[in-house]
Amino acid sequence: ASEGLVVRRRGRGTFVAAPKTTLPGIQGLGLSYTQLMQQAGMYPSTRVLRQDVLPASEEVAGQLSIPPGEPVVRIIRLRMAAGEIMAIETSYIPARVVPGLEQVELANVSLHSLLEQRFGLSLAYATDMLEISVAGPYEAGLLQIPEGGPVALVNSLNCLADDTPLVFNQIVHRGDRFRSVLRRTHLPVE
């Protein structure tokens, strides 16, 4: 169990653990979830849980550099690979730049591609902040993992080439199914 090969479930027994998916490291930068899963050799799919317009909270407004209360499109999706739920992704986009997005069918559609093709908005880069945590009741229920199970929280801010923030994502990844490899380059010692 300490090596991650088996999983113990109270009152149910011990089971062989599913292998972790190793996400590509540096090659994965700039890829959408769909592209990342394909690069990892998995078939990606998405289930939309909610798609609506609401006033931006202080946190969302701060990330998107808009006034609090400005309307944003919120999209909550379950991200899957090979039919298994891997992450909960909540995206926020200023509603004024994507009119009608809350009514567009987004199941199994790349949001990045849609933004470019339908709205002419091409994302140039993203800044990600990763934090390790444990699943609360909401996350555990959606991810189908035990409450208190490991999760990786990623806050991702996707920007246009002129540095305008466009999409703020809050992603909760199952910690029991992912690992990532990062390549570091050593700089010469001065």
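With hydrogens and angles left out, the side-chain atoms of Q170 and E59 include a donor and acceptor closer than 3.5 Å.
Heavy-atom minimum distance, P165 versus L157: CB-CD1, 3.9 Å. Heavy-atom minimum distance, E139 versus V172: CG-CG1, 4.0 Å. The two residues P146 and A135 come nearest to each other via the heavy atoms O-CB, 4.2 Å. Looking at every heavy atom in both residues, V48 comes nearest to A107 through CG2-N, 3.7 Å. Closest non-hydrogen pair, V60 versus S57, comes out as N-OG, 3.2 Å. Here the shortest heavy-atom pairing between S91 and R77 reads OG-NH2, 4.2 Å.
There is a path of hydrophobic side-chain contacts, each under 4.5 Å, that joins V97 to L123. Linking Ile, Leu, Val, Met, Phe, Trp and Tyr whenever their side-chain heavy atoms come within less than 4.5 Å puts V53 and V167 in one cluster. At a threshold of 4.5 Å between side-chain heavy atoms, the hydrophobic network of Ile, Leu, Val, Met, Phe, Trp and Tyr places V154 and L166 in two separate groups. Two different hydrophobic clusters hold I171 and L106 under the rule that ILVMFWY side chains link at heavy-atom gaps under 4.5 Å. Hydrophobic clustering (ILVMFWY, side-chain heavy atoms < 4.5 Å, transitive): M80 and Y138 are in one cluster.
The closest side-chain heavy-atom distance from R47 to I85 is below 4.5 Å. By the 4.5 Å heavy-atom criterion applied to side chains, L49 and L78 are counted as neighbours. Side-chain contact between N158 and N169: present, with at least one pair of heavy atoms (C-beta onward) separated by less than 4.5 Å. Residues I66 and V72 form a side-chain contact, since some pair of their non-hydrogen atoms from C-beta on lies under 4.5 Å apart. In this structure, F168 and T90 have side chains that are not in contact, with every pair of non-hydrogen atoms separated by 4.5 Å or more. In this structure, the side chains of R96 and E70 come closer than 4.5 Å at one or more pairs of heavy atoms.
Atom CD of Q51 is separated from atom CD1 of I75 by 5.5 Å, given to the nearest 0.5 angstrom. Taken to the nearest 0.5 Å, the CZ atom of R79 stands 13.0 Å off from the CG atom of L143. Between R74 atom CZ and D52 atom CG the span is 4.0 Å, to the nearest 0.5 Å. Residue L114 holds its CG atom at 7.5 Å from CD of Q117, rounded to the nearest 0.5 Å. Going from atom CG of N155 over to atom CG of D128 covers 9.0 Å, rounded to the nearest 0.5 Å. Between L64 atom CG and T164 atom OG1 the span is 11.0 Å, to the nearest 0.5 Å.
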Stepwise side chain to side chain contact (heavy atoms under 4.5 Å, CB included) check, V104 with V109: CA-CA 10 Å; V104 175; V109 172; over 6 Å; no

